[in-house]
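First comes the structure, then the notes that go with it.
Sequence positions, counted from 1, serve as the residue numbers for this chain.
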Amino acid sequence: MRNYRKAFFVGLVANVVFIGVLAGIWWSTRRAATRQQAATSASNPAMQPAQASSGGSAPPTRETPLAPVQLSAERLQSIGVQFGIVERKSVQDEIRATGTVAIDEARLSYVQTRISGHIEKVFVDATYRYVRKGQRLFTIHSPELVVAEREYLLAKQNAKNLSQSTVPGVAAGVASLLDSSRERFEQWNIPEQEIARLESTGQVVEAMEIVSPVSGYITERNALPNLNVQPETRLYTIADLSTVWVLAQVFQNDLAHIRIGAPTSLSLDSYPGRAFRGKVDFIYPDVDMTTRTARVRLLFPNPSLTLSPGMFVNVTLQVPLGNQLVIPVSGVLQSGTRQIVFVDRGAGNLEPRDVQLGPQAGDQFIVLKGLKAGDRIVTSANFLVDSESQLQAAISSFAPPPPEESAASATNSPATSVATQVQFSSQPVAPHKGSNQYRIKLTSADGSPVTGAQVSVRSYMAGMPEMGMAAMNVVTSLNEKGGGIYEGQANLDSDGTWQLTVTAIKAGAVLVTKKLSPSDEGRK
């Protein structure tokens with residue numbers, strides 16, 4: 001039994017030692033790998049951003065580069081390219097909103113009495129009835145008015161009897177009493193026709209008629225038979241709807257463009273094809289926190305009473321933007337972070353150009369930077385032209401071939417017409433930075449000179465993105481000098497190896513398109 005215990009303890013100790021040895025080997029291997037990785041990172045810092053990006057967030061997306069393209073007249077027609085002119089003109093934008101017709105508060109009238117009493121008869125007994133100015137509304141019996149009328153008649157009789165009195169002060173006193181009685185009627189706002197009736201008949205009426213002060217619709221009625229009336233009691237509210245308000249809900253981003261007095265119009269589904277004209281009257285100084293809209297009060301004439309309070313309408317506000325440089329919306333290619341247009345440089349040469357745009361006004365954009373009046377831009381098939389430009393930029397990103405290979409490929413290119421021969425020369429011999437004189441001689445297959453053609457030379461140098469240099473492209477139009485000779489001056493921005501492409505067009509057809517390099521000087 002003792003031998004078994006001894007063997008068990010010996011085996012246990014051996015296993016513990018074995019596990020410890022394995023742990024030591026694993027730890028040493030891990031430290032060596034960590035030191036080697038740190039040394040590699042220190043010796044090659046360029047690897048660190050790549051490793052960080054692979055484990056963390058994705059690297060930022062880079063915009064696809066674009067390059068100028070040259071398309072033949074047939075190619076432009078086949079893909080449906082159309083052109084437009086950049087122009088400067090007076091621009092007016094529109095802000096569309098919805099609104100609700102409301103009563104013009106400045107045209108509300110209230111019917112109240114300045115005497116106490118009770119109503120006897122009511123002639124206008126329903127809301128939204130139309131009443132005319134001077135129309136009877138109700139009759140009121142007022143004890144204090146009856147007493148005042150009797151006092152007035154008495155004062156008038158005394159004034160008549162005592163007007164010739166020789167007693168000092170009597171005639172003046174009765175005249176003053178008569179004036180005081182009449183002034184009381186004026187303070188109570190008693191109609192002139194009631195005073196005239198009282199003077200002509202000399203009879204006191206128990207109930208006086210109250211008439212409408214204006215023409216309009218009854219929007220509120222509190223006048224009821226046998227109702228006790230006090231001066232503060234509002235009996236009728238009359239709205240003149242010949243002019244109405246429209247409360248439009250305008251987004252806060254558009255508020256800066258709205259001006260008081262600016263013209264506006266509205267339309268209703270109930271009257272299709274009919275437009276109502278008005279103007280901006282007031283902009284409320286608060287914004288709804290839920291919808292982020294502000295109320296804009298518009299004033300509209302309503303002589304035919306077509307617009308009724310509560311109607312839902314569509315509103316268009318006119319916003320003058322002044323004299324601006326504009327281009328069609330279809331001429332802008334939105335790439336996400338850039339706004340690009342393709343400018344026609346002539347002879348089918350299309351140049352991509354970044355522009356800075358302002359607000360959109362209808363079907364046009366306001367141009368802030370990048371174009372000038374008179375520029376000719378592509379207004380249709382922009383995506384196809386963009387694809388051609390991206391393809392050209394991708395091809396140009398490769399290093400240019402040796403001059404000998406370029407010359408051989410240009411000579412054997414199937415795009416070069418065998419019917420028209422091109423002889424090229426330049427001064428200086430190799431194009432360089434600055435002014436360069438290009439000379440082209442065109443001859444037909446029988447050796448006769450080709451005249452009346454449109455000749456251009458495209459000078460292209462591939463970009464080097466790793467050095468931060470973009471591709472350069474210069475298109476030079478040559479002038480005809482006679483005898484099939486065409487000359488022009490090209491201003492290049494850099495020294496280096498320039499690839500040249502000669503294009504000749506006559507009567508809308510491409511005679512020849514030939515790629516050259518500086519070593520092709522004097523060749524056909």
Is a donor on one side and an acceptor on the other found under 3.5 Å between the side chain of [X] and the backbone of [Y]?
X: Thr379; Y: Ser330; answer: no
X: Thr293; Y: Gln249; answer: no
X: Ser456; Y: Val475; answer: no
X: Tyr486; Y: Ala504; answer: no
X: Arg107; Y: Ser242; answer: no
X: Thr513; Y: Thr503; answer: no
X: Asp240; Y: Gly216; answer: no
X: Gln454; Y: Ala347; answer: no

side-chain contact (heavy atoms from CB on, under 4.5 Å) between Asn226 and Ile119, worked out: CA-CA 5 Å; Asn226 300 320; Ile119 295 176; over 6 Å; no

With a 4.5 Å heavy-atom cut-off, do [X] and [Y] have their side chains touching?
X: Glu94; Y: Gln318; result: yes
X: Tyr128; Y: Thr219; result: yes
X: Thr113; Y: Phe138; result: yes
X: Thr233; Y: Gln112; result: no
X: Leu299; Y: Arg297; result: no

Enter the distance from [X]:[atom1] to [Y]:[atom2] here, rounded to the nearest 0.5 Å.
X: Gln364; Y: Leu357; atom1: CD; atom2: CG; result: 12.5 Å
X: Gln135; Y: Tyr130; atom1: CD; atom2: OH; result: 9.5 Å
X: Asn302; Y: Asp104; atom1: CG; atom2: CG; result: 11.0 Å
X: Ser267; Y: Asn314; atom1: OG; atom2: CG; result: 4.5 Å
X: Phe123; Y: Leu137; atom1: CZ; atom2: CG; result: 9.5 Å
X: Leu298; Y: Leu247; atom1: CG; atom2: CG; result: 8.0 Å

Within 6.0 angstrom of Arg197 CZ, more than 12 heavy atoms from elsewhere: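 For Arg197, atom CZ is crowded (more than 12 foreign heavy atoms under 6.0 Å).
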
Heavy atoms from other residues, nucleotides or ligands near OH of Tyr284 exceed 12 (cutoff 6.0 Å):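 Result for OH/Tyr284: enclosed.
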
Please name the pair of heavy atoms, one in [X] and one in [Y], separated by the smallest distance, quoted to 0.1 Å.
X: Val326; Y: Lys89; answer: CG2-CE, 3.9 Å
X: Tyr236; Y: Arg221; answer: CE2-CG, 3.8 Å
X: Leu76; Y: Gly348; answer: CD1-CA, 4.3 Å
X: Lys506; Y: Gly452; answer: CG-O, 3.8 Å

Asn323 and Arg88 side chains, donor-acceptor separation under 3.5 Å: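 Asn323 and Arg88 do not have a side-chain donor-acceptor pair below 3.5 Å.
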
Donor + acceptor pair across side chains of Glu209, Thr139 (<3.5 Å):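 No donor-acceptor contact under 3.5 Å links the two side chains.
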
Step-by-step side-chain contact (heavy atoms from CB on, under 4.5 Å) determination, Val341 to Val378: CA-CA 7 Å; Val341 299; Val378 175; over 6 Å; no

Check against side chain to side chain donor-acceptor pair (under 3.5 Å), Asn473 and Arg458: CA-CA 7 Å; Asn473 185 73; Arg458 175 173 175 258; 2.6 Å; yes

Glu149 and Val205: CA distance, side-chain angles, deciding distance, side-chain contact (heavy atoms from CB on, under 4.5 Å) verdict: CA-CA 9 Å; Glu149 288 186 347; Val205 295; 4.2 Å; yes

